[in-house]
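Since the model is a prediction, treat every value here as computed from it, not as a measurement.
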Amino acid sequence: MEVSSGKSVYGGIAVGRICIFHKEESQVKRETVSDTDRELARFEHARESAKKQLHGLYEKALQEVGESGAMIFEVHQMMLDDMDFIESVTNMIKTQKVNAEFAVATTGDHLSQVFAAMEDAYMRERAADLKDISNRVIMALQGREGAGIHSTEPSIILAEDLAPSETVQLDKSKVLAFVTRLGSTNSHTAILARTMSIPALIGVDYKEDMDGKMAVVDGFKGELYVEPDEETLTKYEKQKAEEDEKRRLLFDLRGHEDITKDGRKINLYANIGGVKDVASVLANDASGIGLFRSEFLYLESSGYPGEEEQFQAYKTVVETMAGKKVIIRTLDIGADKQVDYFKLDKEENPAMGYRAIRICLDRQDVFKTQLRAIFRASHYGSVSIMFPMIISVPEVHQAKELVEEVKNELRAQGIPFGDVEIGIMIETPAAAVISDLLAKEVDFFSVGTNDLTQYTLAIDRQNPKLDNIYDAHHEAVLRMLQNIVDNGHKEGCWVGICGELGADTELTETFLRMGFDELSVSPSMVLPVRAKIRSITLQ
């Protein structure tokens, strides 16, 4: 048995035989031509042919993975219309009198190298897109179609890398998983894989002699087992069967409303840490995203993520959710979430220290960069913002003033943005006690029960010595939750829960009776909570 490790793009278990995909590389030679007008016409015809192919791929992807997943093919069509690309190819043909294939290949290589050298991770990924569109035009010039991926039985696909067009053309009934040597979690291919719910690993250095061998892909651990021993194979076959059965039973609830037996509807949303989690949100049929933990963009970066980088991440999530609500929590670092480049001082009690909104209101340049990115993304769907760790009305006033500054700047620059709801997290006893005053300032509350519970009970939830007295069902916590709901509703705020208690099915009925309008849970808990909601009768 050989075991190789990589990075998971999408979790899941796959058991089957390996099929190695070898790209059909376009062989291009430099040729001198006398009729440059003919070559220009050939290029134009091939470019239009490529655009038609991409439009077909867009329509296919639209049906299979939704608008956001299909957007890459619109982007590729736009790239084919880019004047830098067109002018470079036509100029080479005219001045150097070379064949169209060579001009396209050379231009694609040059532009790809330019993008690959950029600092921004998202822009670097566009290098692969340029290679893809160049290859498509060359194949059209040569009268050939793409190699595609074909296998006679469902297989684990191994490839050096996969272009987005290759990924979307997969016959999903024949693909158990895919594993690549190259690629990144920011690539369009990775996003498509997650959206299509195909277990996938990247960065796996597999051997070339694996074609046809039995293998296991563990998308949770990021491991590939080739020719697994009997014990390993039996373990994973059992694990996969258990997962499939659980998924089958719960997935029967996909498409059903989150409504009690007597007609009370509740919004059931999902919590995410980044773009990679959206596929799970869709797979589990959440009605929206109730908590986008934006701090993971900072935690996973070696320096302050810029406006464009954040915008692309937020925009991808918003577009993928296709009009469903996306609630983005502004930067929440400090305490147990430390970021080196912020250079925060060591604190005796970081849980009650310099963190979250306190940092944002102090470092307004960082905060406004994030707000600009969020508001720009709001143009592409339904976006709400909520501020964490609020303890006073003046904090809310200050945050809202910065929001207005950002909106005015965007208007002045002619940058569009949507109608964004403003909310706060209620996760301190102070915010809970003055929730009647805070409700006058915002559109909604989202209760962070993890911090609210530890602050209310004066118990560090990360201290294992206190596990025996940490009681999330404590009457003080439940009374506080009821008070928050009542105060919010009196002022017209809707009220939700985004902490771990939201997924506690022992309390689901209690929360509905309290009057909570929304529960936001981890994607894997959406269907179990839906099952619980649909079993409840309130009257």
Side-chain angles (χ1 to χ4, degrees), residues 66 247 249-272 277-278 280-292 317-318 320-329 381-386 418-426 435 439 442-449 473 478 480-539:
R247 191 177 298 113
L249 291 172
L250 285 174
F251 271 36
D252 288 344
L253 290 174
R254 282 173 53 86
H256 288 265
E257 286 189 297
D258 300 303
I259 191 168
T260 63
K261 285 185 174 181
D262 52 344
R264 165 80 191 284
K265 187 168 188 322
I266 188 164
N267 291 317
L268 184 54
Y269 296 164
N271 301 333
I272 67 168
D277 299 327
V278 178
S280 188
V281 173
L282 297 176
N284 288 282
D285 197 35
S287 300
I289 292 173
L291 171 61
F292 183 162
V317 172
V318 171
T320 304
M321 292 305 294
K324 293 181 179 179
K325 187 184 290 293
V326 176
I327 303 174
I328 301 173
R329 178 174 70 189
S382 176
V383 174
S384 301
I385 291 177
M386 61 181 177
D419 185 14
V420 177
E421 276 189 323
I422 302 295
I424 60 172
M425 290 191 69
I426 303 291
S435 54
V442 295
D443 301 306
F444 69 95
F445 290 157
S446 186
V447 183
T449 54
H473 294 202
L478 298 181
M480 202 167 278
L481 292 176
Q482 183 67 72
N483 187 55
I484 293 165
V485 173
D486 293 343
N487 285 335
H489 285 173
K490 285 176 186 175
E491 297 297 335
C493 287
W494 64 263
V495 186
I497 292 178
C498 64
E500 290 180 15
L501 275 188
D504 187 339
T505 52
E506 292 182 18
L507 287 175
T508 303
E509 182 171 345
T510 299
F511 293 148
L512 295 187
R513 292 190 181 279
M514 284 181 175
F516 277 97
D517 306 290
E518 176 247 14
L519 297 175
S520 189
V521 301
S522 64
S524 63
M525 286 302 298
V526 168
L527 295 176
V529 173
R530 175 173 297 166
K532 182 64 177 180
I533 291 170
R534 293 177 63 84
S535 72
I536 293 171
T537 301
L538 295 174
Q539 296 179 354

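- The nearest pair of heavy atoms linking Val317 to Phe292 is CG2-CE1, 3.6 Å.
- The shortest side-chain heavy-atom distance between Asp258 and Asn267 does not fall under the 4.5 Å cut-off.
- Residues Glu500 and Thr449 share a closest heavy-atom pair of N-OG1, 3.4 Å.
- Side-chain atoms of Gln482 come within 3.5 Å of backbone N or O of Met514 as a donor-acceptor pair.
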Pair Met386, Leu291 - check side chain to side chain contact (heavy atoms under 4.5 Å, CB included), show working. CA-CA 9 Å; Met386 61 181 177; Leu291 171 61; 3.5 Å; yes
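- When atom types are taken as modelled, the side chain of Arg534 and the backbone of Glu257 share a donor-acceptor pair closer than 3.5 angstrom.
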Criterion side chain to side chain contact (heavy atoms under 4.5 Å, CB included) on Ile424 and Phe445, from CA distance to verdict: CA-CA 5 Å; Ile424 60 172; Phe445 290 157; 3.8 Å; yes
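- Taking all atoms of both residues into account, the shortest heavy-atom contact from Ile266 to Ile533 is CG2-CD1, 3.3 Å.
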Evaluate the criterion side chain to side chain contact (heavy atoms under 4.5 Å, CB included) for residue pair Trp494 and Glu421; output intermediate values, then yes/no. CA-CA 11 Å; Trp494 64 263; Glu421 276 189 323; 3.3 Å; yes
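- Other residues, nucleotides and ligands contribute over 12 non-hydrogen atoms within 6.0 Å of the CG atom of Asp262.
- Proximity of a side-chain donor or acceptor of Lys324 to a complementary backbone N or O of Tyr269 within less than 3.5 Å is not detected.
- The backbone N or O of Ile422 lies less than 3.5 Å from a partner atom in the side chain of Asp443, making a donor-acceptor pair.
- For the atom pair OG (Ser287) and CZ (Arg530), the distance works out to 5.5 Å, reported to the nearest 0.5 Å.
- Summarising the geometry, atom CD belonging to Glu509 is positioned 6.0 Å from atom CG belonging to Leu538; distances are rounded to the nearest 0.5 Å.
- Nearest heavy-atom pair across Ser384 and Lys325 is OG-NZ, 3.7 Å.
- Inter-residue side-chain proximity for His473 and Asp504 is flagged as met; some heavy-atom pair is nearer than 4.5 Å.
- Here the side chain of Asp517 pairs a donor or acceptor atom with the backbone of Val495 at under 3.5 angstrom.
- Residue Leu507 holds its CG atom at 10.5 Å from CG of Leu512, rounded to the nearest 0.5 Å.
- The CG atom of Leu481 lies 5.5 Å from the CD1 atom of Ile497; values are rounded to the nearest 0.5 Å.
- When all heavy atoms of Val447 and Ile484 are compared, the pair lying nearest together is CG2-CG2, 4.0 Å.
- Minimum interatomic distance between Val281 and Gly288 (heavy atoms only, all atoms of both residues): CG1-O, 4.2 Å.
- Distance alone, capped at 3.5 Å, is enough to place a donor-acceptor pair between the Asp285 side chain and the Gly255 backbone.
- Here the side chain of Asn271 pairs a donor or acceptor atom with the backbone of Cys498 at under 3.5 angstrom.
- The structure places CZ of Phe511 at 14.0 Å from CZ of Arg513, a figure rounded to the nearest 0.5 Å.
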Residues Thr260, Thr537; criterion side chain to side chain contact (heavy atoms under 4.5 Å, CB included); working and verdict: CA-CA 6 Å; Thr260 63; Thr537 301; over 6 Å; no
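- A 6.0 Å sphere centred on NZ of Lys261 holds no more than 12 heavy atoms belonging to other residues, nucleotides or ligands.
- One distance of note links CG of Leu478 with CG of Asn483; it measures 12.5 Å at 0.5 Å rounding.
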